[in-house]
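Basis for what follows: all heavy atoms, side chains included, without hydrogens, waters or symmetry-related copies.
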Amino acid sequence: MPRFTESTARGQRRGGRGRRPGPWGRTVAYAVAVLVAATALVLSGPGVAPASAAPAVSPGRAAPADDTVRANALCTGRLVKAVRFRTGELRVYKNARYACAVTVAKSPGPRRAMLVSLQARGGRTVVDRGSFTHWAGPLSAYAHNRCVRAAGSVSGIGGATGWILC
């Protein structure tokens with residue numbers, strides 16, 4: 001039978017449970033919480049690349065415009081096809097399982113009609129159409145071991161890839 005003490009009279013169990021931590025317990029708990037938060041921040045890294053991480057440029061070539069760099073960041077994977085037309089460019093990227101397409105305006109400016117579409121063979125066509133200033137898309141479609149085709153236009157002038165990645 002447990003002994004009746006002042007702590008059990010207040011509804012607390014014996015053995016130290018239910019007691020408030022002393023000053024050392026609070027300090028240790030605070031230090032552990034700060035350490036865990038700092039570790040999580042360090043491991044997660046920055047959310048975006050720093051401005052100094054601009055792509056390298058070959059000698060004799062102009063540095064790409066900011067819009068080009070941003071458009072490349074829209075789709076992951078490697079660039080497999082680029083179709084240029086008078087008012088812009090259609091870009092198709094591919095990673096292990098997905099294809100991605102984006103239409104980029106040649107000269108960003110006021111809003112104008114843009115379109116990008118992407119279809120994997122055997123799948124439905126995905127379309128992004130509207131009035132944009134810089135680019136339309138990105139669109140992605142599951143394309144593991146499948147042919148894909150894409151089309152894009154800026155101000156009614158555009159291009160298409162036909163079936164690629166077959």
Side-chain angles (χ1 to χ4, degrees), residues 26 28-166:
R26 286 187 205 134
V28 170
Y30 180 76
V32 168
V34 169
L35 183 64
V36 168
T39 303
L41 287 173
V42 168
L43 292 178
S44 67
V48 294
S52 64
V57 178
S58 305
R61 296 188 73 185
D66 278 347
D67 296 323
T68 303
V69 173
R70 279 190 228 131
N72 289 342
L74 293 173
C75 289
T76 61
R78 63 185 175 89
L79 179 66
V80 292
K81 185 79 170 179
V83 178
R84 291 186 179 181
F85 43 91
R86 195 174 77 217
T87 55
E89 185 177 31
L90 167 68
R91 297 182 189 153
V92 180
Y93 296 84
K94 176 83 167 69
N95 64 23
R97 296 185 184 267
Y98 288 88
C100 179
V102 63
T103 298
V104 183
K106 188 174 195 175
S107 56
R111 289 185 176 275
R112 59 194 146 195
M114 289 191 204
L115 169 126
V116 63
S117 67
L118 180 66
Q119 179 184 14
R121 188 164 295 217
R124 292 188 176 182
T125 303
V126 186
V127 179
D128 184 19
R129 154 183 320 156
S131 294
F132 306 106
T133 58
H134 292 81
W135 57 75
L139 297 177
S140 63
Y142 183 77
H144 186 64
N145 294 331
R146 291 190 175 127
C147 302
V148 296
R149 67 178 170 186
S153 70
V154 177
S155 299
I157 301 168
T161 62
W163 289 107
I164 58 173
L165 304 174
C166 295

Roughly how far, to the nearest 0.5 Å, is [atom2] of [Y] from [atom1] of [X]?
X: K94; Y: T76; atom1: NZ; atom2: OG1; answer: 10.5 Å
X: E89; Y: T103; atom1: CD; atom2: OG1; answer: 9.5 Å
X: K81; Y: I164; atom1: NZ; atom2: CD1; answer: 6.5 Å

Work out which heavy atom in [X] is nearest to a heavy atom in [Y]; give both atom names and the distance.
X: A150; Y: V92; result: CB-CG2, 3.7 Å
X: A101; Y: C75; result: N-SG, 4.0 Å
X: V126; Y: L139; result: O-CD1, 3.3 Å
X: V148; Y: A99; result: CG1-CB, 4.0 Å

Any side-chain heavy-atom pair from [X] and [Y] closer than 4.5 angstrom?
X: R78; Y: V80; value: yes
X: K106; Y: T87; value: no
X: W163; Y: Q119; value: yes

Which is it for Y93 and V102 under the side chain to side chain contact (heavy atoms under 4.5 Å, CB included) test, yes or no, and what are the steps along the way?
CA-CA 9 Å; Y93 296 84; V102 63; 4.2 Å; yes
Quick one: ring-ring contact (aromatic ring centres under 6.0 Å, His included) pairs with a partner in residues 140-162, sequence neighbours left out?
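Pairs touching residues 140-162 that pass the test: Y98-Y142.
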Run the side-chain contact (heavy atoms from CB on, under 4.5 Å) test against [X] and tell me which residues pass, sequence neighbours left out.
X: V127; value: L115, S117, T125, R129
X: R112; value: A105, S107, M114, V154, S155
X: R111; value: S131, T133

Taking only residues two or more places apart in sequence, or in another chain, which ones meet F85 in a ring-ring contact (aromatic ring centres under 6.0 Å, His included)?
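Listed in chain order: nothing, the list is empty.
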If the condition is side chain to side chain donor-acceptor pair (under 3.5 Å), which residues does R97 pass it with, not counting sequence neighbours?
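R97 satisfies side chain to side chain donor-acceptor pair (under 3.5 Å) with no other residue.
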When you measure from the side chain of N95 to the backbone N and O of G77, does any donor-acceptor pair fall under 3.5 Å?
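Pair absent, no side-chain N/O of N95 close to backbone of G77.
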